2 protein chains.
Amino acid sequence: MNRAERPTYHHGNLRAAALERAAQLAANGGSGALSLRALARELGVSPAALYRHFAHKDALLDELAGRALAALEVALREALDREASADPAARLAALGRGYLAFARAHPDAFRIVFELRRNALADAQQAEPYTLLLRAVGALAPPGAEDARVQRAALAAWAFVHGLAALESQQAWRGAIASVADDLLRDYAIALRGSYPA
Amino acid sequence: MNRAERPTYHHGNLRAAALERAAQLAANGGSGALSLRALARELGVSPAALYRHFAHKDALLDELAGRALAALEVALREALDREASADPAARLAALGRGYLAFARAHPDAFRIVFELRRNALADAQQAEPYTLLLRAVGALAPPGAEDARVQRAALAAWAFVHGLAALESQQAWRGAIASVADDLLRDYAIALRGSYPA
DNA sequence: ACCTGAACACCGTTCAAGT
DNA sequence: ACCTGAACACCGTTCAAGT
């Protein structure tokens, strides 16, 4: 009845509505459980309608992954903003805590981005999350440090925190990791700083 | 015609045949593409027949995960056997290289074990791969080191190598990680040894 | 341009019935 | 005890047809 409550999909907002609802559906029930037909049902639209806006299911999932990656970036920036200390090691550890907190709070989004198989991170090396990490690791190095060495260290740091997040997402390891994660992140950052010759 | 070529599933080997064929199907096409109906078709059996041996699809997948974990253990032991050096840091690095090599050679098996969502690793902390790692990390510590500290270090080391494997499984990162992985593993092992007070 | 209806070739799972 | 046949409620995707 009300124009505002019953948006006219004929005017170009089915795509946006689909993405928003898909993210919600993935949040409950897991991203694997997301079906286009169920999504269409929720939106009061025929299954075929979605194919005007997404070439196939994976195209929708890729779009979702892109948005999740952007959300991760925001979360990481906020984690840095919340860290009062200017100490580079403390800031790097804060970044790691932000990463883990995001993976805990949005396991579905985390899964969609890092699912072991899709290549959603096509240009991930230019992606903001990596840039943030690179900067944080760079701040830990002395002024003259070689770029290649800083990049290697950033890669290693990502692998470490990502591994923590991935293992924590496994039932069997959740507790064991979660209880020591903050300490491990702090130790890692301090050890990394120590690895540069004084 | 030949009894040996046409095994009689009525005598209890459908279960074994199903697991073997399922692993092959997962190896091509990805573990996500494995369907019970396709599996039954391959085995020349009705779809319902599989339900005499597996309560549901996930039960078969769990069994597959258990076997993959056992295969990982074998691969890790072989990696240790291949490492001639007795230096604990070199042996820990060899273990890491073995982990990465397994993930590269059997991406499907790796995925089935560590898929970000299932809890296949129900008792992973007693699992052999973790025990091997714990031992390798322990060998790096001085005799009097506290157990809790060694366990934390083993957890961190697993997270690190697992993160490398997970990122490497992503198209976008494969090259960047693969080219420095061996160096990173060696540096990690050396740094870990250095982290213990002399 | 955007959506519907109906169809195709699949799924996982259940259950009566066969041997 | 182990398997088949047939059914149920789903999938993703395509394509003609409607507005």
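We name chains A, B, ... by the order of the sequence lines, and we start the count at 1 in each one. Any value given below was found using the heavy atoms of this structure, including those in side chains, with hydrogens, waters and symmetry copies removed. Treat the numbers as computed from the prediction; the structure is a model and nothing was measured.
As a whole-Å value, the separation of B:Leu60 CG from C:dT13 P is 10 Å. For the pair B:Leu43 CG and D:dC3 P, the computed distance is 11 Å after rounding to whole Å. In this structure, A:Arg52 atom CZ and D:dA16 atom C1' are separated by 11 Å, rounded to whole Å. As rounded to whole Å, 16 Å separates atom C1' of C:dC10 from atom CG of B:Leu39. Summarising the geometry, the separation between OH on B:Tyr51 and C1' on C:dA17 is reported as 19 Å, rounded to the nearest angstrom. Protein atom NE2 of B:His56 is 18 Å distant from nucleotide atom C1' of C:dC15, rounded to whole Å.
Heavy atoms of A:Arg15 sit nowhere under 4.0 angstrom from any nucleic acid atom. Across all strands, A:Ser35 comes closer than 4.0 Å only to sugar-phosphate atoms, never to a base (heavy-atom distances).
At D:dA1, none of the side-chain N or O atoms of B:His53 fall inside 4.0 Å of OP1 or OP2 (strictly under the cut-off). OP1 or OP2 of C:dC11 sits under 4.0 Å from a side-chain N or O of B:Arg41.
Nucleotide C:dT14 has D:dA6 as its partner under the Watson-Crick or G-U criteria, with both atom distances under 3.5 Å. Base-pair partner of D:dA1: C:dT19 (Watson-Crick or G-U wobble, both distances under 3.5 Å).
Considering every non-hydrogen atom in both B:Leu39 and B:Ala22, the closest pair reads CD1-N, 3.8 Å.
Between A:Ala48 and A:Arg37, the residue anchored closer to the 5' end of DNA chain D is A:Arg37, taking for each the nucleotide with the nearest heavy atom.
Looking at B:Arg91, its side chain does come within 3.5 Å of a backbone N or O of B:Ser85 through a donor-acceptor pair.
Ranking C:dT4, C:dG12, D:dG12 by closeness to the A:Ala49 side chain, first place goes to C:dT4. Out of C:dT4, D:dT13, D:dT4, the shortest distance to the side chain of B:Val45 is found at D:dT4. Residue A:Leu36 places its side chain closer to D:dT13 than to any other of D:dT13, D:dC2, C:dG12.
A:Glu73 is not listed as a side-chain neighbour of A:Leu76, based on a closest heavy-atom distance of 4.5 Å or more.
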Test ring-ring contact (aromatic ring centres under 6.0 Å, His included) on B:Phe102 and B:His106 and set out the steps. CA-CA 6 Å; B:Phe102 182 84; B:His106 308 288; 5.0 Å; yes

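Between B:Arg149 and A:Asp187, no side-chain nitrogen of the basic residue sits less than 4.0 Å from a carboxylate oxygen of the acidic one, so the salt-bridge criterion is not met.
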